[in-house]
Amino acid sequence: MPNTPSKAEPGSQWFILANGSRAQAYAKRKQDSGYDQLRIWDAPEARMRDAELGEDKPGRAFAGAGAAQRSAMERDGKDDSPKEHAKRDFLEALAHDLAAALTAKEMDSIAIIAPAPVAQAIIAHLPGPAREAVLREDHHDLTSLPHADVFARLDALRHHL
């Protein structure tokens, strides 16, 4: 799942751009302008439709008037589809990799740029010391932007830290 294009310098801050199925880690270059892409995570199964992952829609039940339940299978508010399982597994693995990078001293702090539910899920899976390393949380999905746009957004974010 993770890919390691280059190695970060110890003591650097990582900028994590993530959504429910992709993530990238960037670090500011020390000498030159711009950022180095350090790692890439990808979970294509988290982008697939539930039917592609082998799930059929639940059968319908005809509930009485005023019932909030739409299906005979829906019991709580948690989505238990294969796609949601893939997303949860991806975000848990991402958090595990970030915690390992912190422990290995590949970085000393993290800024997470992701939609709110994704950022909250990543942080929830980080162990206590790794949570303390999260200096900034920004709720945007920048994973599909061209590198030049990503660099401009990261520069703006860095100046607000």
Side-chain angles (χ1 to χ4, degrees), residues 1-53 55 76-161:
M1 187 152 46
N3 182 14
T4 312
S6 64
K7 200 87 160 137
E9 292 196 21
S12 65
Q13 180 179 31
W14 282 14
F15 295 89
I16 306 301
L17 281 56
N19 63 21
S21 65
R22 289 186 178 110
Q24 297 124 23
Y26 289 92
K28 177 76 175 112
R29 291 183 187 137
K30 297 288 183 194
Q31 307 299 332
D32 302 326
S33 64
Y35 296 80
D36 289 321
Q37 188 177 53
L38 305 171
R39 294 203 181 146
I40 300 169
W41 295 267
D42 191 22
E45 63 278 1
R47 291 188 295 277
M48 293 178 169
R49 295 186 327 234
D50 287 334
E52 293 172 322
L53 295 170
E55 179 171 270
D76 58 15
K78 186 176 178 183
D79 188 349
D80 207 27
S81 69
K83 181 176 182 172
E84 287 303 313
H85 276 284
K87 284 181 183 180
R88 285 193 294 267
D89 291 347
F90 169 70
L91 296 174
E92 184 175 356
L94 174 60
H96 176 75
D97 287 349
L98 293 175
L102 274 165
T103 301
K105 306 232 185 282
E106 293 179 53
M107 66 167 140
D108 60 8
S109 61
I110 308 169
I112 298 176
I113 301 97
V118 171
Q120 291 165 358
I122 294 168
I123 292 169
H125 288 296
L126 289 172
R131 279 187 198 161
E132 294 171 10
V134 178
L135 297 181
R136 173 91 185 207
E137 184 181 337
D138 200 48
H139 298 156
H140 298 288
D141 183 359
L142 306 180
T143 56
S144 61
L145 289 179
H147 284 299
D149 292 342
V150 167
F151 293 172
R153 295 279 190 101
L154 291 179
D155 279 340
L157 179 70
R158 222 170 27 87
H159 293 300
H160 286 44
L161 285 178

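All residue numbers refer to positions in the sequence shown, counting from 1. Everything numeric here is computed off the predicted structure, so don't read it as measured data.
The line from CD1 of Ile110 to CD1 of Ile16 is 6.0 Å long, rounded to the nearest 0.5 Å. Here the CG-CD1 distance, from Leu17 to Ile40, works out to 11.5 Å after rounding to the nearest 0.5 Å. Taken from CG in Leu126 to CD in Glu92, the straight-line distance is 11.0 Å, to the nearest 0.5 Å. Taken from CG in Leu91 to CD1 in Ile123, the straight-line distance is 11.5 Å, to the nearest 0.5 Å. If you take NE2 on His96 and CD1 on Ile122, they are separated by 14.5 Å, rounding to the nearest 0.5 Å.
Using a 4.5 Å heavy-atom threshold, the side chains of Ile112 and Val118 count as separate. Taking 4.5 Å as the limit, some side-chain heavy atom of Leu98 sits within range of a side-chain heavy atom of Trp41. Taking 4.5 Å as the limit, some side-chain heavy atom of Phe15 sits within range of a side-chain heavy atom of Arg158.
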> Can you list the steps and then say if Arg47 with Asp42 is a salt bridge (Lys or Arg N to Asp or Glu O under 4.0 Å)?
Replying inline: CA-CA 10 Å; Arg47 291 188 295 277; Asp42 191 22; 2.8 Å; yes
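In this view, His147 and Tyr26 satisfy the side chain to side chain donor-acceptor pair (under 3.5 Å) rule, not counting sequence neighbours.
Contact detail for Met107 and Ala101: the closest heavy-atom pair is CE-CB, 3.6 Å. Closest approach of Asp141 and Ala18 over heavy atoms only: OD1-O, 4.1 Å. Nearest heavy-atom pair, Gly20 versus Phe90, reported as atom, atom and distance to 0.1 Å: O-CD2, 3.4 Å. Between Leu157 and Ala111, the closest heavy-atom pair is CD2-CB, 4.5 Å. Between Lys28 and Ser33, the closest heavy-atom pair is NZ-CA, 3.7 Å. Shortest non-hydrogen contact noted between Arg131 and Ala124 is NH2-O, 2.7 Å.
By the 6.0 Å contact criterion, NE2 on His125 is enclosed, its count of non-hydrogen atoms from other residues, nucleotides or ligands being greater than 12.
Checking side-chain atoms of Asn19 against main-chain N and O of Ser21 turns up a donor-acceptor pair under 3.5 Å.
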